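Let me begin by presenting the structure, written as structure tokens, before commenting on it.
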Number of protein chains: 2
Amino acid sequence: MQIKLFDSELKIMDVLWKNGDTTAKRIAEILKEQVGWNKTTTYTLIKRCIDKGAIERVEPNFVCRSLVTIEQARELETTELINKIYDGAADQLVASILGRKNLSPEEIEKLKRLVNSLE
Amino acid sequence: MQIKLFDSELKIMDVLWKNGDTTAKRIAEILKEQVGWNKTTTYTLIKRCIDKGAIERVEPNFVCRSLVTIEQARELETTELINKIYDGAADQLVASILGRKNLSPEEIEKLKRLVNSLE
DNA sequence: GATTGTATTCTACTCCGGTAGAACAAACTT
DNA sequence: AAGTTTGTTCTACCGGAGTAGAATACAATC
């Protein structure tokens with residue numbers, strides 16, 4: 001059972017993934033600065049994340065805690081992309097990325113090691 | 001300058017990518033069958049694709065021709081995903097896919113060849 | 001060239017994600 | 001304890017993607 005997070009909800013989650021448990025107030029501050037959101041916008045999105053089970057409030061201080069790992073979210077989003085435009089073939093997506101001209105030598109090196117370590 | 005295609009527009013483009021130049025009528029037939037779209041819905045989407053420069057009509061028969069390659073569309077969508085949830089790091093996306101358990105041996109083999117042919 | 005049928009465009013409704021103001025609750029100050 | 005500030009929720013507007021009916025243009029047939 002996967003939780004689909006909208007783009008704006010991902011912004012909330014990203015703060016938690018980057019900073020760990022965080023108060024709503026602090027999240028609002030961060031997103032105010034990062035994307036100019038009104039405080040109540042942030043609170044609304046936090047509420048929605050709670051409602052769909054992506055966030056829980058924990059004591060002390062009623063802090064926000066993520067119930068979804070970034071890996072889970074990435075997996076879901078990536079699967080959607082693959083189904084949407086890669087005909088469900090994950091290796092085509094990888095091939096597409098490797099085919100780009102804008103990978104740094106470091107990234108290429110990392111990927112070589114990664115792929116060759118498979119199996 | 002990239003053309004952003006919405007999900008429904010991608011359905012139109014996909015018919016062209018799979019079948020080459022196609023009449024509007026035929027596209028409507030295909031999508032009627034594949035996703036149950038009303039004929040006019042398909043025509044509307046074709047029109048929008050034309051308006052944003054993703055499709056042109058060519059003689060004879062006023063046929064629809066794609067002006068965007070699937071590779072271009074894939075690159076755009078993939079870049080958006082990477083920026084949305086992978087902090088802009090393409091290699092993390094690849095790592096995430098490779099980390100899954102659902103790649104077939106054939107796919108892995110293909111990828112190894114691909115990676116090792118780089119540079 | 002009037003009539004019928006078909007291809008295309010125009011126009012508009014609907015639903016939902018994004019955003020935030022207003023209302024409310026809790027805590028703090030004097 | 002009344003008043004003030006701060007944290008949270010309730011409610012609702014807005015724009016845009018998705019969808020399709022109505023209207024129009026075009027082609028074919030007689």
Side-chain angles (χ1 to χ4, degrees), chain A residues 2-16 19 21-65 68 73 76-77 80-81 83-85, chain B residues 2-16 21-66 68 73 76-77 80-81 83-85:
Chain A
Q2 289 278 42
I3 299 173
K4 170 64 185 170
L5 296 164
F6 303 129
D7 289 8
S8 57
E9 292 166 349
L10 281 174
K11 293 218 174 69
I12 305 285
M13 302 305 291
D14 204 50
V15 172
L16 297 182
N19 305 5
D21 296 358
T22 309
T23 62
K25 183 185 179 188
R26 183 83 190 100
I27 296 174
E29 286 171 3
I30 292 173
L31 290 177
K32 173 76 174 184
E33 187 201 331
Q34 279 183 11
V35 287
W37 272 358
N38 188 298
K39 170 185 53 164
T40 53
T41 300
T42 295
Y43 281 121
T44 299
L45 273 305
I46 290 174
K47 187 77 174 34
R48 289 187 185 167
C49 287
I50 292 170
D51 290 345
K52 59 170 66 173
I55 288 179
E56 67 175 345
R57 310 297 295 262
V58 296
E59 297 300 342
N61 293 330
F62 207 40
V63 146
C64 295
R65 169 171 300 167
V68 177
L76 181 59
E77 296 290 329
E80 284 183 359
L81 177 71
N83 289 333
K84 184 167 80 173
I85 202 169
Chain B
Q2 289 279 42
I3 299 173
K4 169 65 183 170
L5 296 163
F6 302 129
D7 289 9
S8 57
E9 292 165 348
L10 282 173
K11 294 216 174 69
I12 304 287
M13 302 305 291
D14 205 49
V15 173
L16 298 183
D21 295 0
T22 309
T23 62
K25 184 184 179 188
R26 183 82 190 102
I27 297 175
E29 286 170 4
I30 293 173
L31 291 177
K32 174 75 174 184
E33 187 201 331
Q34 279 184 11
V35 287
W37 272 359
N38 187 298
K39 170 183 53 163
T40 54
T41 300
T42 295
Y43 282 123
T44 299
L45 271 306
I46 290 174
K47 187 76 176 33
R48 288 187 186 166
C49 287
I50 292 170
D51 289 346
K52 59 169 66 175
I55 288 179
E56 67 175 345
R57 311 298 294 264
V58 295
E59 296 302 342
N61 295 328
F62 207 41
V63 146
C64 294
R65 167 171 300 166
S66 170
V68 176
L76 181 61
E77 296 291 329
E80 283 183 0
L81 177 72
N83 288 332
K84 184 167 81 173
I85 203 170

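All values reported here derive from a predicted model rather than from experimental measurement. Order of the sequence lines fixes the chain letters, A, B, ..., with proteins taken first and strands second; residue numbering starts at 1 for each chain.
Within the 4.0 angstrom heavy-atom criterion, only backbone atoms of the sugar-phosphate kind lie near B:A24; the bases stay farther away. Across all strands shown, B:T23 has no heavy atoms under 4.0 Å from either base or sugar-phosphate atoms. Within 4.0 Å of A:I46, counting heavy atoms only, lies no atom of the nucleic acid at all.
A sub-4.0 Å separation between OP1 or OP2 of C:dT9 and a side-chain N or O of B:K47 is absent. Contact check, B:Y43 against C:dT9: no side-chain N or O comes under 4.0 Å of OP1 or OP2. The phosphate of D:dA20 has neither OP1 nor OP2 within less than 4.0 Å of any side-chain N or O from B:T40. The phosphate of D:dT19 has neither OP1 nor OP2 within less than 4.0 Å of any side-chain N or O from B:T41. Contact check, B:W37 against D:dA20: no side-chain N or O comes under 4.0 Å of OP1 or OP2.
Atom CG in A:D51 sits about 15 Å away from atom P in D:dT8, given to the nearest Å. Protein atom CZ of A:R57 is 12 Å distant from nucleotide atom P of D:dG7, rounded to whole Å.
Sorted by residue number, the members of residues 5-15 of chain B with any non-hydrogen atom under 4.0 Å from DNA chain D read B:F6, B:D7, B:S8.
Side-chain to base pairing of B:R48 with C:dT11: no donor and acceptor N or O lie closer than 3.5 Å to each other.
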